[in-house]
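Okay, structure first, notes after.
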Amino acid sequence: MGIIVQKFGGTSVGNVERIRNTVNRIIEEKEKGHDVVVVVSAMGKTTDQLVGLANELSAYPAKREMDMLLSTGEQVTISLVAMALIARGYDAVSYTGWQAGIITEPVHGNARITEIRTEKIKSRLAAGQIVIVAGFQGITPAGEIATLGRGGSDTTAVALAAALHADRCLIYTDVTGVFTSDPRYIPNARKLKAVSYDEMLELASLGAGVLHARAVEFAKNAAVPLIVCSSLEREEGTLIEEEVSVEKNLIVRGVAFEDGITRVTIFGLENGFRNLPDIFTTLAEHHIDVDIIIQNQTADHKTYLSFSIKDKDLKETADLLEAGKEALSIDHFETETGLAKVSIIGSGMVSNPGVAAKMFQVLADHGIAIKMISTSEIKVSTVVDAKEMVRAARCLHEAFELDAVEQNI
Ligand code: ADP
Ligand code: ASP
Ligand code: MG
């Protein structure tokens, strides 16, 4: 028997009763003869509460200190889970990110894992122990605690599964699998039996919070079979794998959405091209993720540029643009908050012209204005008013018949 990695999210470890249930799930796998590595998130809404505390004390909490604070949530859970296992007569040991050998790039708040030194975990597994690792955290080469971005425990789990050559990685959460859209908002959403890595990557990147996008990247690169399932209900979950042949022909597999989007528009750029690299290099140097980019020219050869960012990056972006007005040859800029992105995803789209047209038509029929658009081979994204986000997602879900049983074989 090989190694398996089990990851339990906040709800699955939200209270003592849930931790007991989680411990039962761990013991089941151990009893089957697997070497078991467990990754856990902070209990319930702990991370949100810690963010709230920080925001009460500082409008812009220092990023290093924020990581120091947020990493405590997972440390509580690992020790409780290990204690509970030991109380049941199993040999278990808990490790923080740095103890587990998880090295990240030198960034706070959204660090990428660059390396995992697995010797310690391997030796503990060889000694028959169940290893419990704190999700969402690692250590930079300079020895600083870094977190991986909200939802990052999934990435810890999959990165460990890849580094340990685990047989599979199981993500236990509060829904029974990956659905055609977020079941909390789209009541007709259906569970998908299987999804390809590429589709899942788009779904996750475009707002389907059920999986951290970087976790899917790790799984794809290392071909780790990934299963999303419920920690409470005994129902078959969703398998994320390379190619999903039965469903390859389906044009649209899911609708994803996220709010908290801001559009920044810069006016009066001379000639358009010379200062574009400077603007985006400046933003990249400050780790500001720019999403949709639109550049256009007016009749008098002035260029204007629009791009979307997350609301949380607005202050830093505005400060950078303001400070760099002269150096970047910016005339003036405007920002619009209160926006959301609604996307349709499906690998069948690539050979089906007219999918985008249908999406725009559906939104137009429902009186929903589109502010920005971006497309790839397997997705079409639109930026709309955040107030219209759920309505837009619902009408697209219906128009593309994602609630139809036969779509979800
Ligand atoms: P955990 O704490 O277990 O990591 P998350 O809250 O991060 O759980 O992820 C699970 C949530 O993801 C679900 O409760 C659901 O509302 C949301 N979600 C968003 N999109 C989807 C989707 N397409 N399928 C399933 N769940 C989704
Ligand atoms: N506790 C962290 C968060 O709430 C990481 C995670 O749960 O994946 O974002
Ligand atoms: Mg999560």
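One-based numbering along the sequence shown. Counting starts at 1 for both ligands and their atoms, following the listed order. For clarity, every value in this text was computed on a predicted model and none was experimentally measured.
- Distance from atom 6 (C) of ligand 2 to its nearest protein heavy atom, with residue and atom name: Ser153 OG, 3.3 Å.
- For atom 7 (O) of ligand 2, the closest non-hydrogen atom of the protein is Ser41 OG, 3.0 Å.
- When only interatomic distances are considered, the shortest N/O to N/O separation between Gly151 and ligand 2 falls below 3.5 Å.
- No hydrogens or angles considered: nothing links the side chains of Ser181 and His397 as a donor-acceptor pair under 3.5 Å.
- Ring planes of Tyr172 and Phe8: parallel class, angle under 30° (limits at 30 and 60°).
- The presence of a protein heavy atom under 4.0 Å from atom 6 (O) of ligand 1 is ruled out.
- Ranking protein heavy atoms by distance to atom 9 (O) of ligand 2, first place goes to Arg150 NE, 2.7 Å.
- Between Phe267 and His332, the ring planes lie parallel to each other; the angle is under 30°, not in the 30° to 60° tilted range.
- Heavy atoms of His212 found under 4.0 angstrom from ligand 2: none, in either backbone or side chain.
- Ligand 1 has Pro183 within reach: a non-hydrogen atom of the residue lies less than 4.0 Å from it.
- Considering backbone and side-chain atoms alike, Thr11 places every N or O at 3.5 Å or more from each N or O of ligand 1.
- Geometrically, ligand 2 and Asp154 share no nitrogen or oxygen pair separated by less than 3.5 Å.
- Scanning Leu206, Thr180, Asp174 for the heavy atom closest to atom 13 (C) of ligand 1 points to Asp174.
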